[in-house]
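Chain A is the first sequence line, chain B the second, and so forth, proteins listed ahead of strands; every chain is numbered from 1.
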Amino acid sequence: MFAEIEEKWQKAWESAKIFEAEPNEKKKFFLTVPYPYLNGNLHAGHTRTFTIGDAFARYMRMKGYNVLFPLGFHVTGTPIIGLAELIAKRDEKTIEVYTKFHDVPLEELLNLTTPEKIVDYFAKEALNALRRIGYSIDWRRTFTTTDEAYKRFIEWQFWRLRELGLVEKGSHPVRYCPNDQNPVEDHDLLHGDEASIVEFTVIKFKLEESDLIFPCATLRPETVFGVTNIWLKPVKYVIASVNGEKWVVSKEAFEKLGYMDKKVELLGEVDANEFFGKKVIVPLVGRSVQILPANFVDTDNATGVVMSVPAHAPYDYVAIKELGAEIEPIVIIRTDSNGIPAKEIVEELGIQSQKDPELEKATKLLYKKEFHRGVMLENTGKFAGMMVSEAKELVEKELIKSNLADVFYEFSEKPVVCRCGTKCVVKVVKDQWFLNYSNEDWKKKVLEHLDEMTIIPDYYKEEFRNKINWLKDKACARRKGLGTKIPWDREWLIESLSDSTIYMCYYILAKFINSGMIKAENLTMEFLDYVFLNRGSIEDAKSSGLSEEVIRKVKEEFEYWYPVDLRSSGKDLVANHLLFYLFHHVALFEKRYLPRAIAVNGYVSLEGQKMSKSKGPLLTMKKALEKYGADVTRLYILHSAEYESDADWRAKEIEGLVANLERFFNLVKEHYLREKEEITVLDKWLVSRFNRAVKEVREAMDKLQTRRAVNSAFFEVMNDVRWYLRRGGKNLALILDDWIKLLAPFAPHICEELWHLKHDSFVSLERYPEFDESKIDEDAEKAEQFIEKLLEDIKEVRKFVENAKEVRIFVAEDWKQDALRIALEKGLSEAMKELSKHGIDKADIANFAKRFKSAELIKNERELIESSIEFFERETQLKVSLSSEIPEEKKKSAMPGKPAIYVC
RNA sequence: GCGGGGGUUGCCGAGCGGAAAAGGCGCAGGGCUUAAGACCCUGUCCCGUAGGGGUCCGCGGGUUCGAAUCCCGCCCCCCGCACCA
């Protein structure tokens, strides 16, 4: 129903260029939202984040700020390439998801076989949807992350980060497919997406009088002090040369070692039976212990060689018992009891054999307990007295330092299988480029800046603080994907989250680039240094080939718009993008250019179901707009949930909203242009209530609480308006100018249409309503409340009378009014004294005392009722009058603010 | 496990020391209508033939004249823990 109106105003805004922001004398507000990734159509999740952003942009604009709200598109990385391949391959599932959920017509979809075509198509679709929803975006600044100029900008950024020592080479473990010879991403997995990569410590036990090493893999290196023997499975093992040492490992382990950045060579096969009974030396301790057989050993887990700590490892304890070996467990950790921890838990769970699945549970329970509450005992040398949680890391460090241990990466769960059917391995990728987010100095600066920022909701600041502390180095280069090459090592592409950290300042360049004033080749190091970092002079910047005038202009605009005042984002970006956003700004920019505020919002689910771009279900922005139109969609999504809580999109609810919005539209149309009539108490009440709503809405919006704001601005005002009309109000127009303005950030099209019934200006540029204390009328509000309650009471009483014809209302006698006044001022006892002085009946006084708490002083109570008689009659369809002809005992119940009611 | 958030009436959700507890949705009844829809009104924890009474905010304790709201313990749910946008 509103489609035409919406299109009309979108065109009007566009041709009046009212959202094209240029520096001026006003205070600026720079608002950004994360650019969308174009491997599909924009969906309800984008709709939520962007609509919150737009509502706030509009709100700030109406509060008198010069608002810049731009948006670009993100296409770098692997998903778009992957999608192109899948479409080219005619992958069934992909075709289904993209036709069914992304609403791409089949014939168009089949054509999207290259990344470029995909980007073109979805960029066009996105633009259409974003325009149709009426965002107040400055479209002159849009761009795509594969634009030549953008790449220059990214290269510049990486040169500067490297100069600061924040990009370095290192190695790290990845999930890897030996067949594809590539790292495997989550969506390329057949099995095992739950598995994570865990780091085993491999402790080297030397065979006595030999150079053979038994590398025992463990997750609890601190228990090395309690080792009583080591285990091998009675099967064939191999001897391998590993970085020059002779290791005995399982066959599976040998294969895996080859991927772990080690020099590995097969020397020969060997039967574990040959070693049983022989002795190895426990590192750090120097104790000599036996090699024994155990069937629970999994040769496909890590090295396939295990150390035995029967006091603390249930498996070991049970294996030793089953073997009947005369080995005394050595307790090295104390928690609460004095016994042998593994023994206790095994007995408690009634475990009998190595095959008992309960052993897994016992191991986990004991591990947890000892890790969090355990203390290292005297027999652990210099670690004695430490908490286990602390000792674990230190023991490992010590062992590795003295070349007594190594690390071995393994999946936490198995199998992990690639889409191609091959079992994945953990591969250590070397010579990889890293962003050094673990750098303490860098972190410290970020944390310091965080303290000065506004985070919405505020408790997320703590979350950010923790995440900043947890953040580790990030591999920032890839071999595959779209994007910018690392400028000093062109084998590598900059990974797509790493090229999206400070692009908000690129919006300032984008305007000049899009207009042709600046070309990609003008973006030289000197120019960007000068504009963004205040490095070098304008003379240096001229080497870009740009004129001084242009350089000056760009610089001025950057100075005007930066920093970003608010970045509004979905919560999925907290642990990654938003952190990088902070880190990179802090690393590169001067303090005055650092981000001011971040707001976080939750996900959107669909009728209770999680949405998924790659699997469905999905509701695209386009579809929502086709079905409901812009303002309904906007209002709905803004009202659906607050802050980081997740919203659930429900067709049934949104349909209810359509009706509400139509009612609003018709109501305003009907009353907006009416002649004003004489002002009554009721009018004052309306204005007073409306003013409170204004206050509420502003307070809510200042904290980005769109749900609360819409609730108040739309639904609650609507309820007041209904009451007002029901009461016979004639001057609704009193609040309509302001009501339209109040709603304009949320439902801008309808508001624009209504506003123009009376005005020539754009409501989008009007001043937002102010709260006016002087318009608050306590008496009027009290009076309305009184009438409402009285009506309720009349209806209540009436329920109990059959064939009611008439209502008589009896207002409390004057003496009660007087007494209440005294009681409120001087206390009840004073009032009672006064009453007896005037010869009021004792029983009456007692009755009054009992009930005075529920009484209230209403100004002109009698007149108020009198003027509302007609209203009461209309509402009850009964004859209503003020009368003293009611039974005596009813009269007694009359109190100020609560008249006696008699229905007959 | 660590970190962050949360458990409120049929559902979604506000409230965060003094109201059976905003608002929305759903459901029921009434009005309007030739009818349906829309719209308007009423009800929606239990009891009640006079505007009243009782019970209630994950569970169990405590503080207080008074607790959904504060404190302690327990149970349960959601999200992140990455190299993926």
Side-chain angles (χ1 to χ4, degrees), chain A residues 34 36-40 74-80 172-175 183 185-188 196-197 364 367-368 371-372 389 429 432 434-435 437 457 459-467 469-478 481 495-498 500 571-577 579 602-603 608 613-614 636 639-648 650 652-660 662-663 666 705 707-708 710-712 714-716 718-719 722 725-726 789-790 792-802 804 854 875 877 887 889-890 893 898-904:
Chain A
Y37 192 76
L38 291 184
N39 64 338
H74 192 200
V75 302
T76 41
T78 51
I80 289 179
H172 84 291
V174 296
R175 181 171 54 206
E185 287 164 20
D186 272 353
H187 57 265
D188 284 332
S196 57
I197 294 175
K364 271 191 186 149
Y367 176 82
K368 254 185 219 172
F371 182 78
H372 294 288
S389 49
V429 178
Q432 167 76 283
F434 281 86
L435 281 159
Y437 293 135
Y459 54 77
Y460 252 67
K461 194 176 254 195
E462 187 62 24
E463 179 86 348
F464 271 99
R465 198 171 288 135
N466 294 330
K467 298 269 195 265
N469 279 319
W470 292 171
L471 196 62
K472 293 182 209 129
D473 291 347
K474 177 179 166 62
C476 62
R478 286 296 113 82
E495 176 274 333
S496 72
L497 285 169
S498 306
S500 306
K571 67 178 174 186
D572 50 327
L573 300 183
V574 170
N576 43 69
H577 164 72
L579 290 185
Y603 304 116
K613 261 182 170 179
S614 59
Y636 179 70
H639 184 62
S640 61
E642 200 86 277
Y643 284 153
E644 92 306 340
S645 45
D646 299 337
D648 189 28
R650 297 187 201 186
K652 264 199 171 169
E653 275 186 24
I654 196 167
E655 269 147 26
L657 187 62
V658 176
N660 275 310
E662 283 174 6
R663 188 194 311 163
N666 293 330
Q705 291 174 298
R707 182 191 174 96
R708 189 175 141 210
V710 170
N711 197 48
S712 181
F714 189 66
F715 294 103
E716 297 200 344
M718 181 67 89
N719 277 345
R722 269 189 225 174
L725 294 176
R726 193 170 149 201
K789 177 72 180 137
L790 186 54
E792 230 170 77
D793 285 348
I794 292 171
K795 290 187 172 175
E796 182 76 23
V797 172
R798 180 207 180 156
K799 280 204 305 210
F800 300 101
V801 180
E802 268 179 69
S854 64
E875 290 287 328
Q877 299 291 317
E889 75 272 16
K890 297 276 178 258
S893 72
K898 199 162 176 63
I901 297 161
Y902 181 67
V903 180
C904 52

Student: How far, in whole Å, is B:C2 from B:C11 if one measures between their C1' atoms?
Tutor: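 Straight-line distance between the two C1' atoms is 34 Å.
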
Student: Find the partner of B:U64: check Watson-Crick (N1-N3 plus N6-O4 or O6-N4) and G-U wobble (N1-O2, O6-N3) distances, both under 3.5 Å, and reply none if neither fits.
Tutor: none

Student: Say we look at B:U63 and B:G17: how far apart would their C1' atoms be, to the nearest angstrom?
Tutor: 12 Å

Student: Heavy atoms only, 4.0 Å cut-off, all strands: where does A:Ala641 land among base, sugar-phosphate and nothing?
Tutor: nothing

Student: Within the structure provided, determine whether A:Asp648 and A:Glu653 are in side-chain contact (heavy-atom separation under 4.5 Å).
Tutor: no

Student: Return yes if some donor-acceptor pair links the side-chain N/O of A:Tyr37 with the main-chain N/O of A:Thr76 below 3.5 Å, else return no.
Tutor: yes

Student: For A:Val903, answer base if it contacts any base atom (sugar-phosphate contacts may also be present), sugar-phosphate if it contacts only those atoms, and nothing otherwise; contact means non-hydrogen atoms under 4.0 Å.
Tutor: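 Base: the residue A:Val903, judged by heavy atoms under 4.0 Å, touches a nucleobase.
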
Student: Classify A:Ala475 by what it touches in the nucleic acid, base, sugar-phosphate, or nothing, heavy-atom distance under 4.0 Å.
Tutor: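 Touches a base.
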
Student: Between B:C57 and B:A19, how far apart are the P atoms? Round to whole Å, please.
Tutor: 15 Å

Student: Using the P atom on both, measure B:G23 against B:C16 and round to a whole Å.
Tutor: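 Those two atoms are separated by 16 Å.
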
Student: If we take the C1' atom in both B:C56 and B:A68, what is their distance in whole Å?
Tutor: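 Result for the C1' pair: 10 Å, nearest Å.
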
Student: Would you say the side chain of A:Lys571 and the base of B:C79 hold a donor-acceptor pair, judged only by whether the two atoms sit under 3.5 Å apart?
Tutor: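 Such a pair does not exist between side chain and base.
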
Student: Within the structure, does a side-chain N or O atom of A:Thr78 lie under 4.0 Å from either OP1 or OP2 of B:A85?
Tutor: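 Affirmative; the distance criterion is met.
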
Student: Please figure out whether A:Tyr37 or A:Lys467 has its closest RNA chain B nucleotide nearer the 5' end.
Tutor: A:Lys467

Student: Are the side chain of A:Asn666 and the backbone of A:Glu662 linked by a donor-acceptor contact shorter than 3.5 Å?
Tutor: yes

Student: Does A:Asn711 get its side chain close enough to the base of B:G23, under 3.5 Å, for a donor-acceptor pair?
Tutor: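 Checked by distance alone, the answer is no.
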
Student: What pairs with A:Phe434 under ring-ring contact (aromatic ring centres under 6.0 Å, His included), at least two apart in sequence or on another chain?
Tutor: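 ring-ring contact (aromatic ring centres under 6.0 Å, His included) list for A:Phe434, sorted by chain: A:His172.
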
Student: Please report the distance, rounded to the nearest Å, between CZ in A:Phe715 and P in B:A14.
Tutor: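 Atom-to-atom, A:Phe715 to B:A14, this comes out as 15 Å.
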
Student: How many Å lie between CG on A:Leu579 and C1' on B:A85, as a whole number?
Tutor: 15 Å

Student: If we call it a pair only when both distances are under 3.5 Å in a Watson-Crick or G-U wobble match, what pairs with B:G23?
Tutor: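 Base partner found: B:C12.
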
Student: Rounded off to whole Å, could you give me the NE2-to-P distance for the A:His639 and B:A14 pair?
Tutor: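 Answer to the nearest Å: 11 Å.
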
Student: Base, sugar-phosphate or nothing for A:Asn576? Non-hydrogen atoms, less than 4.0 Å.
Tutor: base

Student: What N/O pairs connect the protein and nucleotides 26-28 of chain B at under 3.5 Å? Give each pair on its own line.
Tutor:
none

Student: Between A:Tyr636 and A:Arg650 (side chain of the first, backbone of the second, donor and acceptor by atom type, cut-off under 3.5 Å), is there such a pair?
Tutor: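 Yes: the side chain of A:Tyr636 pairs with the backbone of A:Arg650.
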
Student: Between A:Arg175 (CZ) and B:C84 (P), how many Å, whole number?
Tutor: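 That distance rounds to 8 Å.
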
Student: Are the side chain of A:His74 and the backbone of A:Pro34 linked by a donor-acceptor contact shorter than 3.5 Å?
Tutor: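 Not a single qualifying donor-acceptor pair exists.
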
Student: Please encode protein proximity along nucleotides 5-12 of chain B as a string of B, S and -, counting only heavy-atom distances under 4.0 Å.
Tutor: S-----SS

Student: Nearest heavy-atom pair of A:Ile901 and A:Asp793: which atoms, and what distance?
Tutor: CD1-CB, 3.5 Å

Student: Consider the side chain of A:Leu471, meaning its heavy atoms from C-beta on, and name the nucleotide among B:C79, B:G51, B:A82 that approaches it most closely.
Tutor: B:A82

Student: State which of B:G80, B:C83, B:G51 makes the closest approach to the side chain of A:Lys474.
Tutor: B:C83

Student: Write out a two-atom table: protein N or O, nucleotide N or O from nucleotides 42-44 of chain B, distance below 3.5 Å.
Tutor:
unit_1, atom_1, unit_2, atom_2, d
B:U42, OP1, A:Arg726, NH1, 3.4
B:U42, OP1, A:Arg726, NH2, 3.4

Student: Does B:C25 have OP1 or OP2 sitting under 4.0 Å from an N or O in the side chain of A:Asn660?
Tutor: yes

Student: Looking at every heavy atom in both A:Leu579 and A:Val574, which two are closest together, and how far apart are they?
Tutor: CG-O, 3.3 Å

Student: So what does A:Pro899 touch, heavy atoms closer than 4.0 Å: a base, only the sugar-phosphate, or nothing?
Tutor: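 It contacts base atoms.
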
Student: Quick check: closest heavy atoms across A:Gly602 and A:Asp646, and the distance to 0.1 Å?
Tutor: CA-OD1, 3.6 Å

Student: Applying a 3.5 Å limit to both distances, which nucleotide forms a Watson-Crick or G-U wobble pair with B:A28?
Tutor: B:U42

Student: Return whichever of A:Trp470 or A:Ala477 has its heavy-atom-nearest nucleotide of RNA chain B closer to the 5' end.
Tutor: A:Trp470

Student: With heavy atoms under 4.0 Å as the rule, sort A:Leu573 into base, sugar-phosphate or nothing.
Tutor: nothing

Student: Just the rounded figure in Å: distance from C1' of B:C32 to CD of A:Gln877.
Tutor: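 In whole Å, B:C32 C1' lies 13 Å from A:Gln877 CD.
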
Student: Could you tell me which residues satisfy side chain to side chain contact (heavy atoms under 4.5 Å, CB included) with A:Arg708, sequence neighbours excluded, listed by chain and number?
Tutor: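 A:Arg708 satisfies side chain to side chain contact (heavy atoms under 4.5 Å, CB included) with A:Glu642, A:Glu696, A:Glu699, A:Ala700, A:Lys703, A:Gln705 only.
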
Student: Could you work out the separation of B:A14 and B:U8 based on their P atoms and round it to a whole Å?
Tutor: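 Roughly 11 Å separates the two P atoms.
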
Student: What contact category does A:Asn719 fall into here, base, sugar-phosphate, or nothing, at under 4.0 angstrom with non-hydrogen atoms?
Tutor: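 Sugar-phosphate only.
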
Student: Excluding sequence neighbours, so at least two apart, what forms ring-ring contact (aromatic ring centres under 6.0 Å, His included) with A:Tyr459?
Tutor: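 ring-ring contact (aromatic ring centres under 6.0 Å, His included) list for A:Tyr459, sorted by chain: empty.
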
Student: Among the candidates B:A85, B:C39, B:G4, find the nucleotide nearest to the side-chain atoms of A:Glu463.
Tutor: B:G4

Student: So A:Phe715 and A:Leu657, do their side chains get closer than 4.5 Å, heavy atoms only?
Tutor: yes

Student: Over how many whole Å does the gap from A:Lys472 atom NZ to B:C81 atom C1' extend?
Tutor: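 Computing the A:Lys472:NZ to B:C81:C1' distance gives 8 Å.
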
Student: Specify the separation, in whole Å, of atom OH of A:Tyr636 and atom P of B:C25.
Tutor: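 In whole Å, B:C25 P lies 11 Å from A:Tyr636 OH.
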
Student: Which heavy atom of A:Val429 sits nearest a heavy atom of A:Val174, and at what distance?
Tutor: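 So the two residues come closest at CG2-CG2, 3.6 Å.
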
Student: By the 4.0 Å heavy-atom rule, please label A:His74 as base, sugar-phosphate, or nothing.
Tutor: sugar-phosphate

Student: With a 4.5 Å limit on heavy-atom distance, are the side chains of A:Arg478 and A:Thr78 in contact?
Tutor: no

Student: Roughly how many Å apart are B:A67 and B:C12, using the C1' atom of each and rounding to a whole number?
Tutor: 25 Å

Student: Watson-Crick or G-U wobble partner for B:A35, using a 3.5 Å limit on both distances?
Tutor: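 No nucleotide pairs with B:A35.
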
Student: Whole-Å distance between B:G23 C1' and A:Phe714 CZ?
Tutor: 12 Å

Student: Using purine N1 to pyrimidine N3 plus N6-O4 or O6-N4 for Watson-Crick, or N1-O2 and O6-N3 for G-U wobble, both under 3.5 Å, which nucleotide pairs with B:C2?
Tutor: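 B:G80 is the nucleotide pairing with B:C2.
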
Student: Give me the atom names and distance for the closest heavy-atom approach of A:Ser500 to A:His577.
Tutor: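 For A:Ser500 versus A:His577, the nearest heavy atoms are O-CE1, 2.9 Å.
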
Student: Using the C1' atom in both, what is the distance from B:G10 to B:C45, to the nearest Å?
Tutor: 11 Å

Student: Over all heavy atoms of both residues, which pair between A:Asn660 and A:Met718 is shortest? Give the atoms and the distance, please.
Tutor: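 Shortest heavy-atom contact: O-CE, 3.9 Å.
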
Student: Looking at B:G52, which nucleotide sits across from it as a Watson-Crick or G-U wobble partner, both distances under 3.5 angstrom, or is there none?
Tutor: B:C47

